Number of protein chains: 2
Amino acid sequence: MGIFSKTCEYAVRAVFFIAQQTADGSRVGIKEIAVNIDSPEHFLAKILQDLSKRGIIQSVKGPNGGFYLDAQNLSRPLSDVIEAVDGGGIFRDCGLGLKECSSKNPCPLHHDFLDVRNRLQNMLESITIGQFNEDLNLGIVVLKK
Amino acid sequence: MGIFSKTCEYAVRAVFFIAQQTADGSRVGIKEIAVNIDSPEHFLAKILQDLSKRGIIQSVKGPNGGFYLDAQNLSRPLSDVIEAVDGGGIFRDCGLGLKECSSKNPCPLHHDFLDVRNRLQNMLESITIGQFNEDLNLGIVVLKK
DNA sequence: ATAATAAAAGACATTTTTATCTTTTATTAT
DNA sequence: ATAATAAAAGATAAAAATGTCTTTTATTAT
Ligand code: FES
Ligand code: FES
């Protein structure tokens, strides 16, 4: 596994895809999302249900329904998605799994790890969910290979 | 879970502990290691067996036996432990789980993620297994809380 | 040689993550 | 009102990670 869980990877890819697809005010269905980000449909459905409950994405049932993002969703940092799915542990926990991470009684990696962890956090906090819509349109970046 | 798997966290803590304890040429047993790094004894045993097979740590059976590190082990980078346990994926895989990570058809996070990932790798490659022995002796850093 | 020691190995159990399938509920269009 | 649509929810299952216990093998000291 990578830095993030599979669940989290699917969540981020899906959110980017929904952002791009619904910038015009439309909605996009779970089936289309799953196909385009290469994820298991029903598993992704659960993830999106949760993100919807938490207000990170929007959804409407019925014909012409589907998932979409409002302006406020688009402007939120990507870190919101990670926190919602994996919890904020990745931004706070000790790299060696000690019960707490602090500069009092630090683990051997604390100093260096803090730097990497903070950079990861800063990166994810400064990226917004909507900021890749253009690049996705142009095919400069992709969500599937 | 954090950046690394539980397995990997135990492995790194254990390796640091063995390094410190056996700097004088002695050996340390699985029981003592497990207690001092706060890990499940038999689970850790499996991990250390594997590290031993891979030559990252040394072991001898029987009375006065146990685990230890030779000079060459002590000078190896910590990244060796991570690669042995979790595989090198953490240093190479796409942050969003795409099948491959490359600047051709990158995912949206590629550019920023590459930076963080490389810093993590550089950090783990420049830290040696033996380099915290002194700090551990002095209690400046700890492996258990 | 024998007994004691400690890692290696094997078998098994639990928990968490990841995945699939079915039924229900809300919404829309007719 | 009715039928069609699509997400929400529920039930199960497979796979992987994590954890426990027992038996075997190698080594050492006597
Ligand atoms: S104590 Fe381990 S990273 Fe801070
Ligand atoms: S393609 Fe995603 S991190 Fe490189």
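Computed from a prediction, not measured in an experiment: that's the story for all the values here. Only this structure's heavy atoms are used, side chains among them; waters, hydrogens and symmetry mates stay out. In the text below, chain A, chain B and the rest are named by the order of the sequence lines, each starting its count at 1.
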(Q) If you assign A:Leu44 and B:Gln49 each to the DNA chain C nucleotide with the nearest heavy atom, which residue ends up on the more 5' nucleotide? (A) B:Gln49

(Q) Please compare A:Leu48 and A:Pro63 by the position of their nearest nucleotide in DNA chain D and report the one closer to 5'. (A) A:Pro63

**Q.** B:Asn64 vs D:dA29: side-chain N/O to OP1/OP2 distance below 4.0 Å
**A.** yes

(Q) I want to check one thing: is the phosphate of C:dT17, taken as OP1 and OP2, less than 4.0 Å away from some side-chain N or O of A:Thr7? (A) no

Q. Any chance NZ of A:Lys145 has more than 12 other-residue heavy atoms, nucleotides or ligands included, within less than 6.0 Å?
A. yes

Q) What's the CD-P distance between B:Glu32 and C:dA7, to the nearest Å? A) 10 Å

Q | Polar side-chain atom of A:Arg27 near backbone of A:Tyr68 as donor-acceptor pair, under 3.5 Å | A | no

Q: Taking only the side-chain nitrogens and oxygens of B:Ser52, find out if one of them lies under 4.0 Å from OP1 or OP2 of C:dA8.
A: yes

Q) When clusters are formed from ILVMFWY side-chain contacts under 4.5 Å, directly or step by step, what else is grouped with B:Val142? A) A:Leu98

Q: Write down the distance between CZ (A:Phe43) and C1' (C:dT18), rounded to a whole number of angstrom.
A: 5 Å

Q: For B:Asn122 and B:Asn118, indicate whether the former's side chain and the latter's backbone hold a donor-acceptor pair under 3.5 Å.
A: yes

Give every pair of a protein N or O atom and an N or O atom of nucleotides 11-15 of chain C that lie under 3.5 Å apart, one pair per line with the distance.
none

Q. In whole angstrom, what separates B:Lys31's NZ from C:dT5's P?
A. 12 Å

Q) Taking OP1 and OP2 of D:dG19, is either one under 4.0 Å from a side-chain nitrogen or oxygen of B:Tyr10? A) yes

Q: Figure out the CG/C1' separation between A:Asp50 and C:dT17, and round it to whole Å.
A: 15 Å

Q: Give, for atom CE of B:Met123 and atom CG of A:Asp112, the distance between the pair rounded to the nearest 0.5 Å.
A: 5.5 Å

Q) If you check every side-chain atom of A:Pro40, which of D:dT18, C:dA8, C:dA19 has the closest atom? A) C:dA19

Q: Using a cut-off of strictly less than 4.0 Å, decide whether B:Ser59 has a side-chain nitrogen or oxygen near OP1 or OP2 of C:dA7.
A: no

Q) According to the Watson-Crick and G-U wobble definition with distances under 3.5 Å, which dot-bracket string, read 5' to 3', encodes DNA chain C, using [ ] for crossing pairs and | for pairs with another strand? A) ||||||||||||||||||||||||||||||

Q) Checking only heavy atoms, does the side chain of A:Lys61 share a donor-acceptor pair with the base of C:dT25 at less than 3.5 Å? A) yes

Q. When you check the gap from the basic side-chain N to the acidic O, do A:Asp50 and A:Lys46 get nearer than 4.0 Å?
A. no

(Q) Using modelled atom types and a 3.5 Å cut-off, is there a donor and acceptor pairing between side-chain atoms of B:Asn73 and backbone atoms of B:Asp70? (A) yes

Q. B:Leu51 has an atom CG; how far is it from atom P of C:dA7, in whole Å?
A. 14 Å

Q: Take the protein atom CD of B:Glu41 and the nucleotide atom P of D:dT18, then report the distance between them rounded to whole Å.
A: 19 Å

Q. Which heavy atom of A:Glu125 sits nearest a heavy atom of A:Pro77, and at what distance?
A. O-CB, 3.3 Å

Q) CG of A:Leu109 to CG of A:Leu96: how many Å apart, nearest 0.5 Å? A) 4.0 Å

(Q) What's the closest nucleotide to the side chain of A:Ile30 if the choices are C:dT18, D:dA7, C:dA7? (A) D:dA7

Q: Using whole Å, report how far CD1 of B:Ile47 lies from C1' of D:dT18.
A: 9 Å

Q. Have A:Ser59 and A:Ser52 got a donor and an acceptor in their side chains that come within less than 3.5 Å?
A. yes

Q) Taking atom C1' of C:dT17 as reference, at what distance in whole Å does atom CD of A:Glu9 sit? A) 13 Å

